[in-house]
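A short worksheet on the structure shown next.
Convention: sequence-line order gives letters A, B, ...; per-chain numbering from 1. Just so you know, these numbers use all the heavy atoms, side chains as well, and skip hydrogens, waters and symmetry mates.
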Amino acid sequence: MSAVSRRAGRFSAGRAEEAQRRLGALVEIRELPSFPPRVVAGVDVHYEGSRACAAVAFLEYASLRELKTTTALSYSPLDYFPGFLAFKEAPAIFKALERCEKPDVLLVNGHGVCHPRGCGLATHVGVVEKVPTIGVALGPLAGARPGSFAKIERGQSSLYVSVGNLITLEQAEKVVRRLLAPESKLPLPLYLAHRAARLAARSRG
DNA sequence: GCGACAG
DNA sequence: ATCTTGTCGC
């Protein structure tokens with residue numbers, strides 16, 4: 001890794017793995033208190049150089065009506081390392097989540113418990129924020145625990161759905177299937193969050 | 001040296 | 001993820 005192109009900072013893989021095992025042990029796999037959920041949201045982060053912009057897009061589950069979007073500009077602290085996405089994206093996500101109410105369930109662009117240490121980005125966010133989360137990724141992660149995800153085949157691509165926190169895999173898959181949109185590989189809330197984060201990073205950067 | 005593993 | 005036009009394939 002070249003010192004100029006990779007911002008590793010004080011990142012220590014050993015300490016990060018320990019944190020992931022600690023958070024992963026706190027995951028609670030259980031049914032949502034109320035199903036189907038009323039309000040769902042998706043969160044995504046867009047990067048412009050060293051700046052980061054997180055967006056949370058809210059939808060009414062029954063109607064798929066867009067409710068609102070919350071964004072937050074922040075600083076991108078770290079490059080991406082496989083297995084450690086949360087240490088790059090979670091800080092920006094936390095800042096955006098501070099600015100809005102919690103949805104009944106939050107979709108996150110990344111894996112949940114389908115992760116070598118049972119703590120992908122969706123789990124990291126769900127455990128820290130104590131909010132139900134679903135991990136949605138376009139590809140598998142090497143070393144992930146077998147049987148910890150549902151694979152949704154979608155023509156060219158596939159979706160890997162896993163529990164983030166406070167939901168069951170069965171409910172997570174139902175929610176994702178309901179939110180699939182023809183205009184995007186990702187479910188609607190993540191598609192909207194993705195677009196909102198990019199727009200906000202450009203207009204408010 | 002080759003291969004590769006969310007975003 | 002991001003750099004970025006045309007191009008191959010259904």
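Side-chain proximity of A:P82 to the nucleotides C:dA1, B:dC5, B:dA6 is greatest for B:dC5. The nucleotide whose nearest atom lies closest to any side-chain atom of A:L141 is, among B:dA6, B:dG7, C:dA1, B:dA6.
Within 4.0 Å of A:G120, counting heavy atoms only, lies at least one base atom of the nucleic acid. When heavy atoms are screened at a 4.0 angstrom cut-off, A:F149 is found touching no nucleic acid atom at all. Using a 4.0 Å heavy-atom distance criterion, A:H115 is classed as a base contact. Nucleic acid contact class of A:P116 (heavy atoms, under 4.0 Å, all strands): none. Nucleic acid contact for A:A142: base, since at least one base atom lies under 4.0 Å from a heavy atom of the residue.
For the pair A:D79 CG and B:dG7 P, the computed distance is 16 Å after rounding to whole Å. For the pair A:E48 CD and C:dT4 P, the interatomic distance rounds to 12 Å; values are reported in whole Å. If you take NE2 of A:H46 and C1' of C:dC3, they are 12 Å apart, rounded to a whole angstrom. Between A:Y47 atom OH and B:dA6 atom P the separation is 14 Å, expressed in whole Å. Between A:Y160 atom OH and B:dC5 atom C1' the separation is 12 Å, expressed in whole Å. Nucleotide B:dA6 holds its P atom 7 Å from the NE2 atom of A:H111, rounded to whole Å. The CG-C1' distance, from A:D44 to C:dT2, rounds to 14 Å in whole Å. Taking atom NE2 of A:H124 as the reference point, atom C1' of B:dA6 lies 14 Å away to the nearest angstrom.
Within a 6.0 Å radius of CZ in A:R154, more than 12 heavy atoms belonging to other residues, nucleotides or ligands are found.
Side chain of A:Q171 to backbone of A:L32: a donor-acceptor contact under 3.5 angstrom is found. A:N165 places a side-chain N or O within donor-acceptor distance of the main-chain N or O of A:E28, the cut-off being under 3.5 Å.
Taking all atoms of both residues into account, the shortest heavy-atom contact from A:V27 to A:G118 is CG2-O, 4.4 Å.
With respect to the salt-bridge test (charged N to carboxylate O, under 4.0 angstrom), the residues A:R21 and A:E17 qualify.
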